[in-house]
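Notes to accompany the following structure.
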Amino acid sequence: MLTSWGKAGLLLGLAFVAVADDVITSDAYFYGDSPAVYPTPEGTGVGDWASAYKKARAFVGKLSDDENVNLTAGVSSKTGCSGYIQAIDRLGFPGICVNDAGNGLRGTDYVNGWASGISVGASWNRDLANDRGTFMGREYRRKGVNMILGPVVGPLGRVALGGRNWEGFSNDPYLSGILVAESVKGLQSQNVATSLKHFIGNEQETNRNPTTDSAGNAIQSVSSNIDDKTIHELYMWPFQDAILAGATNIMCSYNRLNNSYACQNSKALNGLLKTELGFQGYVITDWYAQHAGIAGANAGLDVVMPSSQTWNSNLTTAIANGTLKASRLDDMITRLMATWYYLDQDSAFPNPGVGMPSSASAAHQAIIATSKEAKPLLLQAAVESHVLLKNTENTLPLKSPKLISVFGYDAHGPMSLDLASSFNFGSTQTRSDLYQNGTQWVGGGSGANSPAYLDAPIDAIQRRAYQDGSSVLWDFTSENPSVDYTSDVCLVFINAYATEGYDREALSDSHSDAIVTNVAKNCANTVVVVHNAGIRTVQSWVDHVNVTGIIFAHLPGQDTGRALVEILYGDSNPSGRLPYTVAKNDSDYGSLLEPAQPEGKYEYFPQSDFDEGVYIDYRAFDKEGIEPQYAFGYGLSYTTFDYSNLKVSKKSASPSTYPPKAAILPGGNPHLFDELVTVTAAVKNTGSIDGKEVAQLYIGIPNGPVRQLRGFDKVLIKSGKSTTVTFSLTRRDLSTWDTVAQEWLLQRGAYKVYVGRNSRDLPLEATLTF
């Protein structure tokens, strides 16, 4: 039976009985914060899973008790994979290799370094997300990797300084949901499983894992205290889209959720995931995120990584003494094997880890996973990572400059591509907010990989200079460099670094800002390029009269230099848009700037209360009337676009308040995705060159945020031509979560409809009434 977190969406985590100022030393204090939902729903094989479940059940029926238990946890192996589920030779099961990461295969050779999640978010291009997933999937498959540990939609990006925000697509659930769904489709089209992560509420790196203080006292993982309405409308939204698209695995997260560890939270795993969303795959822990034995299995956890210290033979003992039902163990393995069969990995799939380096070097085969066919898409993904934010008097694109001066630590290639050391998220170097080992093309931690090559900005600039007969001067090290007064343009390269394991210290840094201002005071045409792993504020120099251009390049992957030169010289018209809001001041993010810390009576049980509800990023800025530096969805082009002829049509005069009852399929009640409204508008390219525009649809739902993204369409429009963009609105798009009815509610009343360029530039408006 499903239960709700609190009445009317109130935080149960805030309903504690006060305990003076005494420090809490037992988690019994939090008992009941997260509702209990038992038993774990068994996978049924609904939807297109029927055949896979039939095969899986037949396989499980042949297993011995020991074999059954052995499949519930990873084992050490010589495959070189991040994790490995052991083979059962007598049944022809070769095992399963799982491996990082979401922007390219980690820990191996002959693979590409793709644009990161935040760059795909900046592209606002669903076709690109699908194609990128397809080509990445081919690389994983060739290397014998059964499951990619990604994509990432948690963190969603609630905390502006979040260390892993760059791995996800956007802090808007709609944009993130569309792009993750397309990524899943692309990856799994190559028979590679996806492990959607991190479920759920994993919004900071600070205290993500238990630790101890200087006195040896245990400090538990941070608890993300999220109400029922918010978890549905924000944090679960993109997970739902991915499951609807066919995602086969869910990775549970390190944090506690309403004071219950996410990997043993029965409300999240049994209630939300396996009941409400009808998830048919299996749940795997993040590495070392298991904090309970039989309790975790009963709460819906299926497989432990990298191994289990508490399950093993204890599972069979638990069945014997009645604390675990035999059917639960069977379901754990059935879900695992159903995923294997669902993706046809029993047929002509390479041996697990065949192309992964390992300690047994003879076992590593030099399997080349790169391909010529991938190169155009690698470049496109890198190009569309770039967002042009400022372009005074059309300083860009460059027009055959005679002298280009290049400054900043981010312009040159790294001293080493050994990311095992250069992106070691346990080192002191990576705690910094800027990366000075060369240009930043990816963030740090398990999301990093070793690319086939790296084309740094200075290399690409010098190639172009050779073709044009231009001269290039550079200084990568000085904070106050000398500037040749004859420079036609000064390009300043800085970055904003982020890594797994730590949250960022600030949204800007004084060293980088000093380089920009020192160059700008001596160069009348200064263009700043920022490789940013998240939000980067620019208040100290954005309005400088000599800063004529600003580009947020994000993390474009191995073609970072080549892509940038295409943008700088106009070979490609910039079409990226911000997948987040850039504030004028760090303080504008308010309580969502920094991660929660252990303090007060919660010194040993850190609490992060999501009491802002759904009001994060642009929703919060709109609510508080804060003017952003650059709005969510903002980005310039080398051409201009006009909007007109907004039309809104309903498919039903009076749809029901709640969705009609239906059998739950992967993704939930299928009627949530019934199309209720169609919105169209005309977009004209009024400039002199062809370009791509991202037309954006926002809806003002009654009793909610001023506006929420509910549609986008990226279209190529030739100069002087027009096109029609079309948006389809589903029942879920127009609904809010009713915490009492435990249903999506389509309210009666007036809905505002907005179409335009970004969340603050919406020239077309209409009203929709139900």
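Values in this document were obtained by computation on a predicted structure and should not be read as measured data. Hydrogens, waters and symmetry mates are skipped; everything else that's a heavy atom, side chains included, is used.
Between the side chain of N585 and the main chain of S587, no donor-acceptor pair closer than 3.5 Å is present.
Contact check for F169 versus I118: no side-chain heavy atoms found under the 4.5 Å cut-off. Looking at heavy atoms from C-beta onward, F610 lies in side-chain contact with I226 at the 4.5 angstrom threshold.
Residue S195 is tested with L149, V152, I148, D286 for a side chain to side chain contact (heavy atoms under 4.5 Å, CB included); the sole match is L149. With Y261 as the partner, the side-chain hydrogen bond (donor to acceptor under 3.5 Å, both in side chains) test is satisfied by one option alone out of Q220, H291, R256: Q220.
For Y580 and H554, the distance between ring centers is under 6.0 angstrom. Taking the six-membered ring for Trp and the full ring otherwise, the centers of W124 and F632 sit less than 6.0 Å from each other. Residues F493 and Y409 keep their aromatic ring centres 6.0 Å or farther apart.
Inspection of the S223 and N225 side chains reveals an N or O donor paired with an N or O acceptor under 3.5 Å. For Q696 and N758, the side-chain atoms include no donor-acceptor pair closer than 3.5 Å. For the residue pair Q742/D228, the side-chain donor-acceptor check at 3.5 Å is satisfied. Side-chain atoms of T730 and D733 include a donor-acceptor pair closer than 3.5 Å.
With respect to R760 and E627, a salt bridge is recorded, a charged nitrogen being found less than 4.0 Å from a carboxylate O. A salt bridge does not link K229 with D738: every distance from a Lys NZ or Arg NE/NH1/NH2 to an Asp or Glu carboxylate oxygen is 4.0 Å or more. Between E384 and R132 there is no salt bridge, since no side-chain N of the basic residue sits under 4.0 Å from a carboxylate O of the acidic one. A salt bridge links R164 with E500; the closest basic N to acidic carboxylate O contact falls under 4.0 Å.
Taking the ring centre of W237 as origin, the terminal cationic atom of R732 falls inside the region bounded by 6.0 Å and 45° from the ring axis. The side-chain tip of R707 does not point at the ring of Y618 from less than 6.0 angstrom away and within 45° of straight on.
Contact detail for I699 and V753: the closest heavy-atom pair is CD1-CG2, 3.9 Å.
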